Amino acid sequence: MEKISLGCVIMAAGNARRFGANKLAAKVDGKSLIRHTMEAIPADQFDAVTVVTQYPEIESLAAEFGFQCIKNEHPDWGISHTISLGTHELQNDCDAICYMVSDQPLLKRESIAGALGFFREHSDHIVGLAHDGKRGNPCIFPRKFYDELIALREGNGGNTVIRAHEDALRLYEVDKQELTDVDTPQALRDLMK
């Protein structure tokens, strides 16, 4: 089987308006959400890991993990700009990119590694983590979708591309709690219960 070069984009640039502060600094079990995310990356499975952020403290954390960083000067342009920056950075060197959100503190490294293995068997498809057939994040996109990802605008994320190519989607099942994201202070409180 030919080697597929895999990249990872950690999307950590959002303004977190619903949360009311930089939610990625919020703590779960004594660690920030963004540290949980970086610790969940099976770095040995990726040829490159890029963190897209507006926050200097996240740039410092990325350096601690040995991940490269891109500064998002326009976080107000929405997730599409973060996706575009990350895709531009990795598109020439990676056959596929895994797009990670940064607010799933229960996501396990083994699950991401399993999804990457599953993707290698279905490398012409989009692979999304899911529970009970309901897709969550992260999602892995092969090269043929890069142009569409780069062309996204405003608040449109990878969902827009997936909806246009639902026949190309394959799901990798994980435990429900791994897909839990923290969008609001209440969601954080619920997670801590």
Side-chain angles (χ1 to χ4, degrees), residues 1-13 33-53 58-59 61-72 79-131 135-152 157-162 164-175 178-179 181:
M1 188 191 307
E2 72 177 282
K3 184 178 183 321
I4 298 168
S5 58
L6 294 168
C8 179
V9 172
I10 300 174
M11 301 181 292
L33 289 180
I34 187 62
R35 181 174 283 278
H36 277 285
T37 300
M38 291 189 190
E39 288 181 351
I41 302 290
D44 60 329
Q45 306 257 334
F46 288 109
D47 295 272
V49 178
T50 295
V51 182
V52 182
T53 189
I58 292 178
E59 288 184 44
L61 188 63
E64 186 183 313
F65 280 84
F67 300 157
Q68 60 188 25
C69 221
I70 302 173
K71 189 153 183 76
N72 184 339
I79 194 167
S80 60
H81 188 55
T82 294
I83 290 170
S84 179
L85 288 169
T87 307
H88 266 297
E89 182 68 21
L90 298 181
Q91 65 180 345
N92 293 331
D93 300 321
C94 298
D95 299 317
I97 299 173
C98 176
Y99 295 86
M100 295 275 302
V101 296
S102 299
D103 60 357
Q104 293 177 282
L106 304 180
L107 185 60
K108 294 185 177 134
R109 180 183 302 200
E110 298 76 22
S111 296
I112 299 171
L116 294 173
F118 182 72
F119 174 79
R120 288 186 186 98
E121 296 167 15
H122 303 275
S123 59
D124 207 33
H125 294 83
I126 300 165
V127 167
L129 268 67
H131 176 74
R135 184 182 56 77
N137 287 302
C139 291
I140 308 164
F141 290 82
R143 181 185 300 280
K144 66 182 179 181
F145 296 107
Y146 291 175
D147 287 346
E148 287 178 65
L149 289 162
I150 289 169
L152 292 169
N159 285 342
T160 305
V161 177
I162 291 171
H165 302 280
E166 290 195 358
D167 55 327
L169 179 64
R170 298 292 179 271
L171 299 178
Y172 181 78
E173 288 282 322
V174 297
D175 289 340
E178 290 192 61
L179 303 179
D181 58 13

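For clarity, every value in this text was computed on a predicted model and none was experimentally measured.
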Going through the checks in order, is the side chain to side chain contact (heavy atoms under 4.5 Å, CB included) test met by Ile41 and Arg109? CA-CA 6 Å; Ile41 302 290; Arg109 180 183 302 200; over 6 Å; no

Evaluate side chain to side chain contact (heavy atoms under 4.5 Å, CB included) for Asp175 paired with Lys108, printing each intermediate quantity in order. CA-CA 10 Å; Asp175 289 340; Lys108 294 185 177 134; 4.2 Å; yes

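Using a 4.5 Å heavy-atom cutoff, the side chains of Ile70 and Val51 are not in contact. Side-chain contact between Val127 and Arg120 is absent, with no heavy atoms from C-beta onward closer than 4.5 Å. Residues Phe65 and Glu39 have side chains in contact (heavy-atom distance under 4.5 Å, counting atoms from C-beta outward). By the 4.5 Å heavy-atom criterion applied to side chains, Met100 and Ile112 are counted as neighbours. Counting only heavy atoms from C-beta outward, the side chains of Val52 and His81 never approach each other to under 4.5 Å. You'll find the side chain of Ile83 reaches within 4.5 Å of the side chain of Met11, heavy atoms only. Contact of the Thr87 side chain with the Val9 side chain is not registered, since no non-hydrogen atoms from C-beta on lie closer than 4.5 Å. The shortest distance between side-chain heavy atoms of Glu89 and Gln68 falls below 4.5 Å.
Atom-to-atom distance recorded for Ser102:OG and Met38:CE is 7.0 Å, nearest 0.5 angstrom. The distance from the CG atom of Leu179 to the CD atom of Glu173 is 8.5 Å, given to the nearest 0.5 Å. Here the CG-OG distance, from Leu149 to Ser84, works out to 9.0 Å after rounding to the nearest 0.5 Å. The OH atom of Tyr172 sits 9.5 Å away from the CD atom of Glu121 when rounded to the nearest 0.5 Å. Atoms CG and CG, from Asn137 and Leu107 in turn, are 9.5 Å apart once rounded to the nearest 0.5 Å. To the nearest 0.5 Å, atom CG of residue Leu90 and atom CG of residue Leu85 are 11.0 Å apart.
Between Asp103 and Thr37 the shortest heavy-atom distance is N-OG1, 4.2 Å. Heavy-atom minimum distance, Thr53 versus Cys69: CG2-SG, 3.9 Å. Residues Ile162 and Cys139 share a closest heavy-atom pair of CD1-SG, 3.9 Å. Cys94 and Arg143 make their closest contact through O-NH2, 3.0 Å (heavy atoms, listed as atom of the first residue, atom of the second, distance). The two residues Ala115 and Ile140 come nearest to each other via the heavy atoms O-CD1, 3.9 Å. Contact record, Ala168 with Phe145: CB-CZ, 4.0 Å, taken as the closest heavy-atom pair.
With Ser123 contributing its side chain and Phe119 its backbone, the two residues share no donor-acceptor pair below 3.5 Å. At distances below 3.5 Å, not a single donor-acceptor pair connects side-chain atoms of Thr50 with backbone N or O atoms of Gly86. Side-chain N or O atoms of Asn72 include none that pairs as donor or acceptor with a backbone N or O of Ala13 at under 3.5 Å. Checked by atom type and distance alone, the side chain of Arg135 never pairs as donor or acceptor with a backbone atom of Leu171 at under 3.5 Å.
Tyr99 and Phe141 have perpendicular rings, their planes meeting at more than 60° on a 0 to 90° scale where under 30° would count as parallel.
Between Glu64 and Arg35 there is a salt bridge, with a side-chain nitrogen of the basic residue lying less than 4.0 Å from a carboxylate oxygen of the acidic one. Under 4.0 Å is where a charged nitrogen must lie from a carboxylate oxygen, and between Lys71 and Glu59 at least one such pair does.
Side-chain N/O atoms of Ser111 and Glu178 include a donor and acceptor closer than 3.5 Å. For the residue pair Asp95/Ser5, the side-chain donor-acceptor check at 3.5 Å is satisfied. No hydrogens or angles considered: nothing links the side chains of Arg170 and His122 as a donor-acceptor pair under 3.5 Å.
Applying the 6.0 Å contact sphere to CG of Asp147 captures no more than 12 heavy atoms from other residues, nucleotides or ligands.
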